[in-house]
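FYI, side chains are in, hydrogens and waters are out, and symmetry mates aren't considered; it's all heavy atoms of this structure.
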Amino acid sequence: MTDYECILLAGIPNAPSVYAPTKNPDLAKQRQKQVMEKMIENEYLTEDEAKEILKQAE
């Protein structure tokens, strides 16, 4: 799995029926960005690493 996919999956457990990428892709992406922001805030990622991970979706 890519980092992009892992971060997307990390955001699903809070509300699986709401954040499922198959049912609500836009909400899943918003949640993914929230997870990434928390990871940056807690120094698990840098801003540059987060930008690179977002490029994986393209």
Side-chain angles (χ1 to χ4, degrees):
M1 291 182 74
T2 66
D3 292 334
Y4 180 84
E5 293 167 332
C6 291
I7 293 171
L8 180 70
L9 290 175
I12 293 175
N14 278 2
S17 61
V18 175
Y19 295 121
T22 55
K23 294 183 180 182
N24 297 308
D26 292 333
L27 282 178
K29 287 179 185 179
Q30 285 178 335
R31 178 66 181 152
Q32 180 187 40
K33 288 181 182 181
Q34 290 173 341
V35 170
M36 289 181 74
E37 288 170 8
K38 285 293 183 183
M39 290 179 75
I40 292 166
E41 184 179 307
N42 290 300
E43 299 181 358
Y44 289 105
L45 285 177
T46 65
E47 291 277 343
D48 291 335
E49 290 170 331
K51 288 177 186 175
E52 287 298 315
I53 290 169
L54 288 175
K55 287 181 185 178
Q56 291 177 7
E58 297 173 355

Query raised in the report: Do you know which two heavy atoms are closest between Y19 and G11, and how far apart they sit?
Result: CD1-O, 3.8 Å

**Report entry** Over all atoms of both residues, closest heavy-atom pair of I40 and A50
**Finding:** CD1-CB, 3.7 Å

Query raised in the report: Is Q32 reaching over with its side chain to a backbone N or O of Y4, donor-acceptor style, under 3.5 angstrom?
Result: yes

Only pairs under 3.5 Å count here: list side-chain donor-acceptor contacts from residues 20-27, not counting sequence neighbours, and write none if there are none.
{"from": "N24", "atom 1": "ND2", "to": "V18", "atom 2": "O", "distance (Å)": "2.7"}

Query raised in the report: Taking only residues two or more places apart in sequence, or in another chain, which ones meet Q34 in a side chain to side chain contact (heavy atoms under 4.5 Å, CB included)?
Result: R31

Report task. Verify side chain to side chain contact (heavy atoms under 4.5 Å, CB included) between L9 and M1, making sure each step is shown before the conclusion. Result -> CA-CA 10 Å; L9 290 175; M1 291 182 74; 2.9 Å; yes

Query raised in the report: Taking side chain as C-beta onward, heavy atoms only, is I53 less than 4.5 Å from L45?
Result: yes

**Report entry** Single-linkage hydrophobic cluster, 4.5 Å side-chain cutoff, L54 and V35 together
**Finding:** yes

Report summary line: Separation between CG (D3) and NZ (K55), nearest 0.5 Å, reads 14.0 Å

Query - Gap separating the CE atom of M36 from the NZ atom of K29, nearest 0.5 angstrom - result: 13.0 Å

**Report entry** Reported CD1-to-NZ distance for the pair I7 and K38, which is rounded to 0.5 angstrom
**Finding:** 15.0 Å

